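Just below is one structure, and these are the notes that go with it.
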Amino acid sequence: MTAKIGYDEVEIGTELPSRGFPLTRATLVRYAGASGDFNPIHWNEKFAKEVGLPDVIAHGMFTMAEAIRVVTDWVGDPGAVIEYGVRFTKPVVVPNDDQGALIEVSAKVAAKLEDNQVRVDLTAMSAGQKVLGMSRAVVRLA
C-alpha cells in the first residue's frame, strides 16, 4: 500500500476528517485481553477509586491508537506513518453504563517537511477535556 494523498494536494492548515470513537467497559476488557494489560484501573471500579481515579479509565495506548486512526484513515496507508508521539494529559473515564465514553479526534496538517512528509497535529478530547497533549504524527505522502 502507499499513501492515497499527494504531498502537493495538502497545505499547512489542511483539516483531516474528524472522528468519534465510542468505548465501553466491554471495549476495555477486549483490549486488555488483546494487549495483555490487565491493570485493574482499566476494569475494576472499586480499585480505580481506591487509587484516586474517578472511575475505570481507558488504557493510554488504546486512546493513542484510536487517535492515530484519523491519520491512517485519511492517508489510506498505516505504513505511511513515520513517527507518532503523544503526552497523556487526562484519563478517558469510562462509566459503567450503556453509553460509555467517547474519544473525539480532530487533526490538521501543521507543517510540510522534506521528502513528501507532513507533520499532522492531533487533538483528542473526551468529556470536554483534552486527553492527549503534543499529539503529533509525521506522515509520508504520495
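Throughout, numbering of the chain's residues begins at 1 and tracks the sequence. The structure displayed is predicted, hence computed values, not measured ones.
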The complete set of side chain to side chain donor-acceptor pair (under 3.5 Å) pairs with one or both residues in residues 64-78, sequence neighbours excluded, reads Arg19-Asp73, Glu66-Arg69
* Within-4.5 Å side-chain heavy-atom neighbours: Val81 and Val138 -> no
Here the pair of heavy atoms bringing Pro95 nearest to Asp55 is CA-OD2, 3.9 Å
Is it the case that over 12 heavy atoms from other parts of the model lie below 6.0 angstrom from the CD atom of Glu9? yes
On a heavy-atom basis, the closest approach of Ile12 and Ala111 is CG1-CA, 4.1 Å
The reported gap from CZ in Phe62 to CG in Leu23 (rounded to nearest 0.5 angstrom) is 5.0 Å
- Task: May I ask whether Val93 and Phe47 are part of the same hydrophobic cluster, defined by side-chain heavy atoms of I, L, V, M, F, W, Y residues being less than 4.5 angstrom apart, directly or through others?
- Result: yes
Please confirm whether the backbone N or O of Thr123 pairs with a side-chain atom of Ser135, one donor and one acceptor, at under 3.5 Å? no
**Message:** side-chain contact (heavy atoms from CB on, under 4.5 Å), that's the test. Do Val10 and Ile5 meet it? Break it down for me.
**Reply:** CA-CA 8 Å; Val10 300; Ile5 303 292; 3.7 Å; yes
Tightest non-hydrogen contact, residues Ala137 and Ile68, listed as CB-CD1, 3.8 Å
- Task: For the residue pair Tyr84 and Val86, establish whether any side-chain heavy-atom pair is separated by less than 4.5 Å.
- Result: yes
Hits for ring pair (Phe, Tyr, Trp, His ring centres under 6.0 Å) against His59, two or more places apart or cross-chain, chain-then-number order -> Tyr31, His42
Hits for salt bridge (charged side-chain N to carboxylate O under 4.0 Å, His left out) against Arg140, two or more places apart or cross-chain, chain-then-number order -> Asp115
ILVMFWY cluster, Leu28 and Phe88 together (side-chain gap under 4.5 Å): yes
dist Asp121:CG -> Met134:CE (nearest 0.5 Å) comes out at 8.0 Å
The side chain to side chain contact (heavy atoms under 4.5 Å, CB included) partner of Leu141 among Asp8, Val75, Thr2 is Val75
Checklist entry - Does some side-chain heavy atom of Leu122 sit less than 4.5 Å from a side-chain heavy atom of Val105? => result yes
All heavy atoms of Val92 vs all of Thr63, minimum pair found to be CG2-OG1, 3.8 Å
Of all heavy-atom pairs linking Gly100 and Val94, the shortest is CA-CG1, 4.4 Å
Q) Judged by atom type as modelled, is there a donor-acceptor pair below 3.5 Å linking the side chain of Lys112 to the main-chain atoms of Tyr7? A) yes
Inset, instruction - Walk me through it: do Leu16 and Val109 pass the test side-chain contact (heavy atoms from CB on, under 4.5 Å)? - result: CA-CA 8 Å; Leu16 284 60; Val109 175; 4.3 Å; yes
Within one Ile-Leu-Val-Met-Phe-Trp-Tyr cluster: Ile41 and Val131, side-chain cutoff 4.5 Å: no
Heavy atoms of Leu132 and Met64 approach each other most closely as CD1-CA, 4.3 Å
Assess whether a salt bridge exists between Arg25 and Glu45, defined as any Lys/Arg side-chain N lying under 4.0 Å from an Asp/Glu carboxylate O.
yes
So if you build clusters from Ile, Leu, Val, Met, Phe, Trp, Tyr with side-chain heavy-atom gaps below 4.5 Å, do Ile103 and Ile57 land together?
-> no
Treating Thr89 as the side-chain partner and Lys130 as the backbone partner, does any N or O pair qualify as donor plus acceptor under 3.5 Å? yes
Consider only side-chain heavy atoms of I, L, V, M, F, W and Y, link residues closer than 4.5 Å, and tell whether Phe38 and Leu53 are in one cluster.
no
